[in-house]
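Only this structure's heavy atoms are used, side chains among them; waters, hydrogens and symmetry mates stay out. These figures come from a predicted structure and were not determined experimentally.
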Amino acid sequence: EAWKKLQASRPADQGSSALLQVMGSGEMGITHVVSLSANNMAELMSGNQNDAAWREFLDSVRDIRQIVDDTLVIDLMSWGD
């Protein structure tokens, strides 16, 4: 339910979000990844910090998750139709 609220709270023109299952993480034991994107770093950081749905999502998974890694990725190029 908290994931659905998070999805609904993010304007479509300000990036996307995804919850992914990891099938082969080896010894790291990673099972899921949350991916958030934005048009720029300012939108990404302010959007999460000011979003009540983001705080609710983090609170809802607090007892069932352990942060293994944080990664920041910058797209250099994208392709599409």
Side-chain angles (χ1 to χ4, degrees):
E1 188 64 30
W3 178 252
K4 290 178 184 177
K5 287 182 182 178
L6 176 60
Q7 294 287 86
S9 76
R10 297 178 55 82
D13 63 341
Q14 291 184 6
S16 63
S17 55
L19 176 60
L20 309 166
Q21 180 180 9
V22 177
M23 301 299 286
S25 67
E27 295 180 4
M28 289 188 72
I30 297 171
T31 60
H32 293 81
V33 173
V34 172
S35 172
L36 303 171
S37 70
N39 296 319
N40 55 58
M41 186 62 67
E43 283 183 13
L44 179 65
M45 300 309 291
S46 67
N48 291 336
Q49 293 175 0
N50 298 325
D51 189 355
W54 175 245
R55 290 189 301 274
E56 181 180 341
F57 174 74
L58 290 179
D59 189 50
S60 73
V61 298
R62 177 181 23 183
D63 295 331
I64 61 170
R65 62 127 165 104
Q66 174 185 359
I67 296 175
V68 177
D69 188 29
D70 285 334
T71 303
L72 179 63
V73 178
I74 298 172
D75 288 336
L76 299 178
M77 188 175 292
S78 297
W79 294 267
D81 292 339

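Under a hydrophobic clustering in which Ile, Leu, Val, Met, Phe, Trp and Tyr are joined whenever their side-chain heavy atoms come within less than 4.5 Å, directly or via other members, V73 and V33 fall into different clusters.
The line from OG1 of T31 to CG of L20 is 11.5 Å long, rounded to the nearest 0.5 Å. Atom CD of E56 is separated from atom CG of L6 by 9.5 Å, given to the nearest 0.5 angstrom.
Other cluster members for W79: M77, joined by side-chain heavy-atom distances under 4.5 Å among Ile, Leu, Val, Met, Phe, Trp and Tyr.
The closest side-chain heavy-atom distance from V61 to W3 is not below 4.5 Å.
Applying the salt bridge (Lys or Arg N to Asp or Glu O under 4.0 Å) test to D63 and every residue at least two apart in sequence or in another chain returns nothing.
Of all non-hydrogen atoms in L44 and L72, the two that sit nearest each other are CD2-CD1, 4.4 Å. Nearest heavy-atom pair, A53 versus K5, reported as atom, atom and distance to 0.1 Å: CB-O, 3.8 Å.
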